[in-house]
Amino acid sequence: MQRIAHVMVVVRDYDEAIAFYCGKLGFDLVEDTYQPEQDKRWVVVAPPDGGTSLVLGRASDDGQAAAIGNQTGGRVFLFLQTDDFERDHQRYLGKGIDFVRAPTVTEYGTVAVFADLYGNQWDLIEFAPGHPLAIAAKS
């Protein structure tokens, strides 16, 4: 069995990134460990119900710093799936999340694009019932 365990997000500052991902998006801080041999921290955050986690990696040189906020050349970078689009959309608006594209209902589901604290674009998506990636209804 294989799965993607982590995705690296290059950040400017560990603590401001933790504040955004945990404080605004509601992710859990899974690990924050100082690594003295490299003078860096191993910071991992994840949505509260699990799934792929994010490693928040502070840029360590000019090349990495140039990628902050534009890790995919302006395309949507990450896709945050929800079982209740309206709930999470309203919660994020209340937390000041910047939605750069308004909600749209499509044949595959409901989606809106938001920007993280650095400008990386994310889809907030609830797949339509019957879609292969839809979250099964809780009983």
Same apolar cluster (I L V M F W Y, side chains within < 4.5 Å links), [X]/[Y]:
| X | Y | result |
| --- | --- | --- |
| Ile4 | Val10 | yes |
| Phe79 | Leu133 | no |
| Val7 | Val11 | yes |
| Val100 | Val111 | no |

Salt bridge flag under 4.0 Å for residues Asp15 and Arg41: yes

Heavy-atom neighbours of Glu37 CD exceed 12 at 6.0 Å: yes

Between [X] and [Y], which heavy-atom pair has the shortest distance, and what is it?
| X | Y | value |
| --- | --- | --- |
| Asp28 | Pro48 | OD2-CA, 3.2 Å |
| Ala134 | Ala128 | CB-O, 3.4 Å |
| Tyr34 | Lys40 | CD1-O, 3.4 Å |
| Ile97 | Ala115 | CG2-O, 4.3 Å |

[atom1]-[atom2] distance between [X] and [Y], expressed to the nearest 0.5 angstrom:
| X | Y | atom1 | atom2 | answer |
| --- | --- | --- | --- | --- |
| Phe127 | Asp83 | CZ | CG | 13.0 Å |
| Leu80 | Thr52 | CG | OG1 | 11.0 Å |
| Asp49 | Gln81 | CG | CD | 11.0 Å |
| Leu124 | Asp88 | CG | CG | 6.0 Å |
| Asn120 | Arg75 | CG | CZ | 14.0 Å |
| Trp122 | Phe77 | CH2 | CZ | 8.0 Å |

With side chains defined as the heavy atoms from C-beta onward, is the minimum distance between [X] and [Y] less than 4.5 Å?
| X | Y | result |
| --- | --- | --- |
| Val43 | Ile18 | yes |
| Thr104 | Thr110 | no |
| Gln121 | Arg101 | yes |

For the pair [X] (side chain) and [Y] (backbone), establish whether a donor and an acceptor sit closer than 3.5 Å, ignoring hydrogens and angles.
| X | Y | answer |
| --- | --- | --- |
| Asp61 | Gly63 | yes |
| Glu31 | Val55 | no |
| Thr82 | Glu126 | no |
| Lys95 | Gly23 | yes |

Donor-acceptor side-chain pairing of Asp32 and Tyr14 below 3.5 angstrom: no

Derivation of the side-chain contact (heavy atoms from CB on, under 4.5 Å) call for Glu107 and His131: CA-CA 9 Å; Glu107 69 280 354; His131 186 281; over 6 Å; no

Worked verdict on Cys22 versus Val45 for side-chain contact (heavy atoms from CB on, under 4.5 Å): CA-CA 7 Å; Cys22 296; Val45 299; 3.8 Å; yes

Intermediate values then yes/no, side-chain contact (heavy atoms from CB on, under 4.5 Å), Phe85 and Ile125: CA-CA 7 Å; Phe85 179 88; Ile125 186 164; over 6 Å; no

Ring geometry between Tyr21 and Phe27 (parallel below 30°, tilted from 30 to 60°, perpendicular above 60°): tilted

Criterion side-chain hydrogen bond (donor to acceptor under 3.5 Å, both in side chains) against Tyr118, the qualifying member of Arg12, Glu16, Gln71: Glu16

Intermediate values then yes/no, side-chain contact (heavy atoms from CB on, under 4.5 Å), Val9 and Leu78: CA-CA 10 Å; Val9 177; Leu78 296 166; 4.2 Å; yes

Aromatic contact, His89 with Phe114 (centres under 6.0 Å): no

